[in-house]
Amino acid sequence: MDSKYAVLGKENNKKNSNGIKVKRIKLCVENPSKLNGNHVAIQQVADQRDIKETFVEDLRETRKSLPVYAVRNRLLEEIKKNNTMILIGETGSGKTTQVPQLIHEQRLEGSGSIAVTQPRRVAAITLAMRVAAEMNTEIGSIVGYCVRFEDVTSVRTKVKYLTDGMMLREAVADPLLKRYSFIILDEAHERTVNTDVLFGIVKLAQKERNEKKLLPLKVIIMSATMDVDSFKNYYDECPVIYLEGRAHPVTIYHTKMKHEDYQYAALCTIFQLHTTSPANHDFLVFLTGQEEIETLMSNIKQIAKESSGPLIRVCPLYAGLPAAKQLQVWKKTPPGMRKIVLATNIAEASVTIPQIKCVIDTGFVKERTWCTSTGAERLRVGPCSQAAAWQRAGRAGRTARGAAYRLYTETDFGARKPHNVPEIVRCPLASTILLLIASGFEPLTFPLIDPPPEESVKASLLLLKELGAIENEANPKLTVLGKKMTAFPIDPKYAKILLSAPEFDCLDEALSLVAVLSSENVFHMPIHKREEALKVKQKFVSTLGDHITLLNVFKAFCKAPLKKQWCKENYLNHKNLSYAFDVRQQLLAICQRLNMTVTSCGAALDQLLKCLLSGLFTNCAWLRSVVGGARYATGSGAAAGLHPAGVLHSLRPAPPALLYTELLHTRRPYLVTVSVIQPQWLHQVAPDYARRCRATRTCPESIFKPTDT
DNA sequence: GAGCACTGC
């Protein structure tokens, strides 16, 4: 196989192998009811994630072996000296667990506390547990975490791990973040919308606290390799400190020739390596989506029957896969059997699979982009960035030396963009802008490292105005309604639906529906059992459309006594439905705090659909043609068909007017999650918007006819 | 005729 690949060595640091003792430790909460927050669900989380009992190496020894430990004194000096610094360290440097402890050991936080933000909740929880164990303290006391649905902190908490979304929520109540003396923004290289906004919030808070002679705020930006120059520039040339990693060396191979078909190239490479590598070398293949993974999986199984080499176990891994099936990935294979994991970029950062010796990187990724003028989102397969490729390669060096096979040439690699495009420049911004306004910031001048396109900001401000959240776009001030909308941790359109629901006597149903819409797809359609899954789905289907169908599913789920079993029988995703259940609880609590009356519309489902329209009025589509399948035009003038997974796809005759949740361009533009509406409703529910549509001729004149049926 | 990944008082 060597002939096919050119070697580009990337030697990292020496392996660190000291005799590590293993002991079992137990994590517990001393008295959950004493802690603040509405639900302390440590037990529940532990059960869910199997981290109630964790194997942890001899903690003290491990700490000392971390690269960050060796430079701790120098690091502390820098932390004392600078108000802002950037800390670059590869996986395994120990920065995220050790730096907060170093600060706390010296009591540098004084009367304030130390916040460490994470893009993912699981990371925030496990890091807090890990650090609490290292400090030999109960989780929720000195060390705690705060994520959606769970606040495991107390007045004594000095080191707090939280999601960046949670930190943003705190900034609404207190833009100066006065309770913290240190804010550590971790995983900065991921450039999520929330982290990007936090960069600005801490920068402004730091400045203002300084001017007002309040407790100073120290900021530490932590990251793996990243675009240091733009960060340094943004933070007024603050110092940058580099930490050694502790990953094992990974040898990188590029192909010498360009491949036309990366899926075929992946298949060839897998079997080339399979026949030459020892059986205990597990493979990780990066692909772009579920369909690709399933196709490659059946191809591998087919070829494996006639191939020499060890036995193979193929494990798919993508976010939509039910949790029970994801677990296969972590199950050890018997001796003499090779594990081949076929994953989307979920395996790039969110999930770590041990024992991977060999990474096969197709070099492609599925990316979501947003069109500001039509509101359409597009899923497009394209080349991944250099940073993503390094991240993927690094997955082969977690436990021992490994290799990464890139299915593209070195020239191709060099021509790629060095970093991922920050999310904030390519996603809808209404909820972010609403949050900024609620925190007292000026959305048009708020300092961002990479400002989003102006038309994107303007489109979001227009939407907020039409939803009634702000008075006008030029001088965005929250209305009474807008203020209430900020209380909900959901898309402003959905918040509007809930806030209008009492008017339509359907808050009970609206809560359930918004909760389900805020979650991922609840239907699970395995490729081989599609017929059966579709048959089972029929019992939930409403001819009014997908929304009522989803409501039927959710209601049945709530009533089912054995939920996991019930979901399995009905081809539904238990994880996503449970999530929706939790979201509903949370939204209900907020509604009750706002003194909203929860009533049910019963069989009058028209009421519920009108209510949906009060938030989603910009998402109307009108039938334009029925030749070769129904074609619709949206209020913004985009043309789209019905998504084949929806219940209205096969309904005849095609409804003249629809309400859609999402306009998504995959192979073609599709309206996803749609319901039938009466054309006149738009004028009744959103008269201003309807008039604007009439002026731009994007809706039919029939919506202004006074009759209603 | 078919959906990348995260997240939220």
Side-chain angles (χ1 to χ4, degrees), chain A residues 36-39 117-124 146-151 162-173 187 190-195 197-198 286-294 317-321 343-351 364-369 377-382 384 388 391 420 423 427 431-432 434-435 438 486-492 494-495 515 518-521 523-525 527 530 533-534 573 579 582-583 585-594 628-630 641-646 649-650 662 664-668 670 672-673:
Chain A
N36 66 19
N38 23 5
H39 296 287
T117 69
Q118 292 293 318
R120 280 170 289 278
R121 45 184 275 137
V122 179
C146 186
V147 297
R148 192 177 191 180
F149 311 129
E150 287 171 66
D151 183 353
L162 71 171
T163 49
D164 42 22
M166 216 54 182
M167 189 67 154
L168 273 186
R169 282 281 152 187
E170 288 191 9
V172 176
E187 310 285 11
E190 292 194 22
R191 302 295 304 274
T192 65
V193 177
N194 290 346
T195 333
V197 173
L198 279 178
F286 282 98
L287 296 153
T288 69
Q290 173 178 351
E291 199 184 298
E292 229 171 72
I293 287 173
E294 281 173 349
L317 183 66
Y318 49 89
L321 197 69
T344 61
N345 53 359
I346 191 175
E348 213 176 278
S350 310
V351 145
F364 283 89
V365 68
K366 200 175 279 184
E367 260 188 341
R368 196 167 191 138
T369 53
E377 299 196 70
R378 187 185 281 259
L379 284 177
R380 196 185 59 93
V381 172
C384 70
Q391 181 75 24
N420 292 342
E423 206 185 349
C427 78
S431 56
T432 304
L434 187 66
L435 216 67
T486 60
F488 294 94
I490 49 176
D491 189 288
Y494 294 162
S518 306
S519 325
E520 292 297 311
N521 188 10
F523 297 105
H524 177 233
M525 297 277 160
I527 208 162
R530 194 174 286 165
L534 282 171
N573 187 311
Y579 179 81
D582 290 343
V583 172
Q585 298 286 104
Q586 186 187 27
L587 299 178
L588 174 65
I590 298 166
C591 288
Q592 284 166 340
R593 223 164 40 231
L594 294 173
L642 291 174
H643 194 275
H649 184 253
S650 46
E662 201 181 7
L664 186 68
H665 193 129
T666 49
R667 286 178 191 180
R668 296 186 350 208
Y670 288 114
V672 186
T673 315

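Every chain is numbered from 1 and lettered A, B, ... according to where its sequence line falls, protein lines coming before strand lines. As the structure is a computational prediction, the values presented were derived from the model and not from experiment. Atoms considered below: every heavy atom in the structure, side chains included; atoms not considered: hydrogens, waters and symmetry mates.
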Mind checking if A:Glu367 touches a base, just sugar-phosphate, or nothing, with heavy atoms under 4.0 Å? nothing
I need the CZ-P distance between A:Phe523 and B:dG1, as an integer number of Å. 21 Å
Using whole Å, what does the distance between atom P of nucleotide B:dA5 and atom CZ of A:Arg380 come to? 17 Å
Whole angstrom value for the distance that separates C1' of B:dA2 from CD1 of A:Ile293: 16 Å
Round to the nearest Å and state the distance from A:Ile346 atom CD1 to B:dT7 atom P. 10 Å
Rounded off to whole Å, could you give me the CD-to-P distance for the A:Gln592 and B:dC9 pair? 18 Å
Between A:His649 (NE2) and B:dA2 (C1'), how many Å, whole number? 9 Å
I'd like to know if the side chain of A:Glu423 reaches the main chain of A:Val193, judged simply by a donor and an acceptor atom lying under 3.5 Å from each other, with no hydrogens or angles considered. yes
Backbone N or O of A:Glu348 within a donor-acceptor pair of the A:Gln391 side chain at under 3.5 Å? yes
Base, sugar-phosphate alone, or nothing: which one does A:Arg148 contact when heavy atoms must sit under 4.0 Å apart? base
Comparing A:Thr192 and A:Thr486 on DNA chain B - which has the more 5′ nearest nucleotide: A:Thr192
Picking from B:dT7, B:dG8, B:dG3, the nucleotide nearest the side-chain atoms of A:Val147 would be B:dG8
Surrounding CZ of A:Arg378 (heavy atoms of other residues, nucleotides or ligands, distance under 6.0 Å), is the total greater than 12? no
Which one, B:dA2, B:dG8, B:dG3, comes nearest to the side chain of A:Arg530? B:dA2
Does a nitrogen or oxygen in the side chain of A:Arg368 sit under 4.0 Å from OP1 or OP2 of B:dA5? no
Minimum-distance nucleotide to A:Arg169 side chain [options: B:dA2, B:dA5, B:dG8]: B:dG8
Expressed as a whole number of angstroms, how long is the span from A:Asp491:CG to B:dC6:P? 19 Å
Determine yes or no for a side-chain-to-main-chain donor-acceptor pair under 3.5 angstrom, with A:Arg368 supplying the side chain and A:Glu377 the backbone. no
Determine the contact category for A:Thr344: base if any of its heavy atoms lies under 4.0 Å from a base atom, sugar-phosphate if only primed atoms, P, OP1 or OP2 are that close, otherwise nothing. sugar-phosphate
Using the side-chain heavy atoms of A:Glu423, tell me which of these nucleotides is nearest: B:dG8, B:dA5, B:dG1. B:dA5
Side chain of A:Glu662, heavy atoms from C-beta onward: which of B:dT7, B:dA2, B:dG3 has the nearest atom to it? B:dG3
Suppose we screen for side chain to side chain donor-acceptor pair (under 3.5 Å). Which residues come up paired with A:Thr666, at least two apart in sequence or across chains? none
Is A:Tyr318 close enough to B:dA5 that one of its side-chain N or O atoms is under 4.0 Å from OP1 or OP2 there? no
Contact nearer the 5' end of DNA chain B, comparing A:Pro644 with A:Gly320: A:Pro644
Could you check how far CG of A:Asp582 sits from C1' of B:dC9, rounded to whole Å? 14 Å
Scan A:Glu170 against the nucleic acid and name what it touches under 4.0 Å (heavy atoms): base, sugar-phosphate only, or nothing. nothing
From B:dA5, B:dG3, B:dC9, pick the nucleotide closest to the side chain of A:Asn345? B:dA5
Under 4.0 Å, heavy atoms only, any strand: does A:Leu168 hit a base, just the sugar-phosphate, or nothing? nothing
Give the nucleotide from the list B:dC9, B:dA5, B:dT7 with an atom nearest to the side chain of A:Met166. B:dC9
OP1, OP2 of B:dT7 versus side-chain N and O of A:Thr163: anything below 4.0 Å? no
What does A:Val672 touch in the nucleic acid at a heavy-atom separation under 4.0 angstrom: a base, only the sugar-phosphate, or nothing? base
Going by an N to O cut-off under 4.0 Å, is there a salt bridge joining A:Arg530 and A:Glu294? no
Counting heavy atoms from C-beta on, name the nucleotide in B:dC9, B:dG3, B:dA5 closest to the side chain of A:Ser350. B:dA5
Under the side chain to side chain donor-acceptor pair (under 3.5 Å) rule, collect the residues that match up with A:Gln592, sequence neighbours excluded. none
